[in-house]
2 protein chains.
Amino acid sequence: MKNCYHSVIFKDMTQEEIEFCLTELRSTEKRYKKDEMILMAGDTTERFGLVLEGSVTIESNDIWGNRTILSHVGNKQFFAETYALLEDETLLVDVRANENCRILFFRIGSLKRLRSSNELWAMKFICNMLEISAHKNVVLSGRSFHISPRTIRERILSYLNTVSLQKHSTEFDIPFDRQQLADYLNVDRSALSNELSKLQREGVISCRKNHFELLSH
Amino acid sequence: MKNCYHSVIFKDMTQEEIEFCLTELRSTEKRYKKDEMILMAGDTTERFGLVLEGSVTIESNDIWGNRTILSHVGNKQFFAETYALLEDETLLVDVRANENCRILFFRIGSLKRLRSSNELWAMKFICNMLEISAHKNVVLSGRSFHISPRTIRERILSYLNTVSLQKHSTEFDIPFDRQQLADYLNVDRSALSNELSKLQREGVISCRKNHFELLSH
DNA sequence: CTCCTTTTGTTGTAATTACAACATACTTGT
DNA sequence: ACAAGTATGTTGTAATTACAACAAAAGGAG
């Protein structure tokens, strides 16, 4: 009995439909010891993984020996699903066991095989994948847009403007504290604080903690 | 007779299946005059557009009056498909007619309606959307990864490392000239040239025009 | 080959940022 | 209310970058 039934990948699917998925996508469970390599940059993969137990890290290791940890993937979360869909895309990151863990792998195979099937479970599954992918898209393009400007000021204004659009108001709370906002915008925290102060002195914005107001006049 | 049959959205679909799509997604054609607003930031949309004639620009206009043009969308290309899929996501950009143009709109409605249909045309269509979305994801996360480092040097090395992984070799051509690479990495061109020279003098890489070699020893 | 255009490399300067160190304000638990 | 810990703001300095102006190299047309 797997504990994967409540993953968003299987959203709105009956237990029977999920069983179909597990069978048809030839799911297999595998265990990894801490620090063991699960997927390696440079490879391609037809499988994506769902974490049943433990956690994995997504990291980048270049040939000059620099390591960057990009993210952690924990319980019931998944990884490499984009690469599994696009079978020819080479992985640009390593996936490594952050601790002893159990991974459930799904073999998507080529999309083509799924296309010709017109079963309901497959339709639901693909719709879920599409929703997940679209969501990731919004997050990624948002961030990409916010860190494109070269100055801290422009990054701040770009970010605040989009939040304002999302909240339909020039006054709103943001979900970050200063350090998190700095990390999100890829700038130094103190430099961020400094620029926020300037923007307030110049009357462009007004803020207190994570509450912001945009002053356009 | 629309000229949309060869868009990647309808890849591997028969003419009959495409007709189904056009009907079921209640496609409607609409004309816009140059500079007319097609979709506005802050709104949500259930429709996405396919350009039949002319072209549109995706732009960002903040409340302080700054305008940034993000991209052009030309013939047979489409826009806002991600937002149409996620009906609650507010548009963060404006879409405006770059010249007089004809747009074919598709009403995706909620994904839920499509999920319960298990017709082959729908399956194919969604698979195509998924492939497009996954691809966009790879492009976006790649770029996001490359412009995250704060120094030019790190951005260059990050980029070269991924190309090396994709080409399965430490020697390869890149598809950019200096100006394009600078734009892609969001840095100044001359600063980029300068840093490339340094990297060569230090024996980290060797390059001539758009041919690169990574020297790891 | 020569002229012209485009691309790429180099250098100096001004602006911006990261970083460190510290001051102030805010939280939390007792 | 107090103390300890955390978050935020401030300042100065060193490092990095953008920008501009120019030099050198490469490519193309006649």
Side-chain angles (χ1 to χ4, degrees), chain A residues 62 64 66-69 143-160 163 171-215, chain B residues 62 64 66-69 143-160 163 171-215:
Chain A
D62 70 26
W64 299 279
N66 308 306
R67 164 174 308 183
T68 316
I69 292 188
R143 182 169 151 83
S144 172
F145 182 57
H146 296 136
I147 62 178
S148 280
R150 300 214 171 91
T151 63
I152 293 181
R153 166 174 294 237
E154 284 176 295
R155 292 188 193 189
I156 295 171
L157 295 184
S158 163
Y159 171 71
L160 292 179
V163 178
E171 206 177 337
F172 48 81
D173 291 342
I174 66 171
F176 295 134
D177 63 25
R178 290 289 180 276
Q179 184 61 62
Q180 291 169 322
L181 182 57
D183 291 342
Y184 179 72
L185 298 179
N186 252 285
V187 298
D188 178 73
R189 181 200 58 79
S190 67
L192 170 67
S193 273
N194 197 311
E195 195 63 42
L196 284 173
S197 299
K198 274 194 209 166
L199 285 166
Q200 285 191 92
R201 278 197 295 275
E202 296 172 23
V204 182
I205 66 171
S206 137
C207 68
R208 192 187 137 74
K209 309 236 43 164
N210 64 342
H211 186 81
F212 286 73
E213 186 174 1
L214 310 187
L215 314 167
Chain B
D62 70 26
W64 300 279
N66 310 306
R67 163 174 308 183
T68 316
I69 292 188
R143 183 171 151 79
S144 172
F145 182 57
H146 297 136
I147 61 179
S148 279
R150 300 217 171 92
T151 64
I152 294 181
R153 165 174 295 236
E154 286 176 295
R155 292 189 193 188
I156 294 172
L157 296 183
S158 163
Y159 171 71
L160 292 179
V163 178
E171 205 178 337
F172 48 82
D173 291 341
I174 66 170
F176 295 133
D177 63 25
R178 290 290 180 278
Q179 183 61 62
Q180 291 170 323
L181 181 57
D183 290 342
Y184 179 70
L185 298 178
N186 252 286
V187 298
D188 178 72
R189 181 200 58 78
S190 67
L192 171 66
S193 273
N194 198 312
E195 196 63 42
L196 284 174
S197 300
K198 273 194 210 165
L199 284 167
Q200 285 191 91
R201 278 196 295 275
E202 295 172 24
V204 182
I205 66 171
S206 135
C207 69
R208 193 186 137 71
K209 309 237 41 163
N210 64 341
H211 186 82
F212 285 74
E213 186 174 0
L214 310 187
L215 313 166

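Proteins get letters first, then strands, A, B, ... in listed order; numbering begins at 1 in each.
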The nucleotide from D:dA7, D:dT16, D:dA18 with an atom nearest the side chain of A:Asp177 is D:dA7
Kindly point out which of D:dT8, D:dT17, C:dA18 is positioned nearest to the side chain of B:Ile152? D:dT17
Side chains of B:Leu214 and A:Trp64, heavy atoms from C-beta outward: is any pair under 4.5 Å? yes
C:dG9 phosphate, OP1 or OP2: any side-chain N/O from B:Arg178 under 4.0 angstrom? yes
Can you label the angle between the B:Tyr159 ring and the B:His146 ring as parallel, tilted or perpendicular, going by 30° and 60°? perpendicular
In whole angstrom, what separates B:Asp188's CG from D:dA21's P? 13 Å
Nearest whole angstrom, please: distance from the C1' of C:dC26 to the NE2 of A:His211. 18 Å
Decide yes or no for B:Ile147 and A:Asn186: does some side-chain heavy atom of the first lie under 4.5 Å from some side-chain heavy atom of the second? no
Rounded to whole Å, NZ of B:Lys209 lies from P of C:dT6 at a distance of 14 Å
Which part of the nucleic acid does A:Ser193 contact within heavy-atom distance under 4.0 Å: base, sugar-phosphate only, or nothing? base
How many whole angstroms separate atom CG of A:Leu196 from atom C1' of C:dA25? 16 Å
Rounded to whole Å, NZ of B:Lys198 lies from P of D:dT17 at a distance of 7 Å
Please state whether the phosphate of D:dA18, meaning OP1 or OP2, lies under 4.0 angstrom from any side-chain nitrogen or oxygen of B:Ser190. no
Looking at side-chain heavy atoms only, is the closest gap between B:Ile156 and B:Leu192 below 4.5 Å? yes
For B:Ile147 and D:dA18, give me the distance from atom CD1 to atom C1', rounded to whole Å. 17 Å
Rounded to the nearest Å, what distance is computed from the CD atom of residue B:Gln179 to the P atom of nucleotide C:dG9? 12 Å
Closest to the B:Arg150 side chain: C:dT10, D:dT8, C:dA18? C:dA18
With a non-hydrogen cut-off below 4.0 angstrom, is A:Asn186 in contact with a base, only sugar-phosphate, or nothing? sugar-phosphate
Between B:Phe212 and B:Leu196, is there a side-chain heavy-atom distance shorter than 4.5 Å? yes
Contact nearer the 5' end of DNA chain C, comparing A:Val187 with A:Arg208: A:Val187
Write down the distance between CZ (A:Arg189) and C1' (D:dT10), rounded to a whole number of angstrom. 10 Å
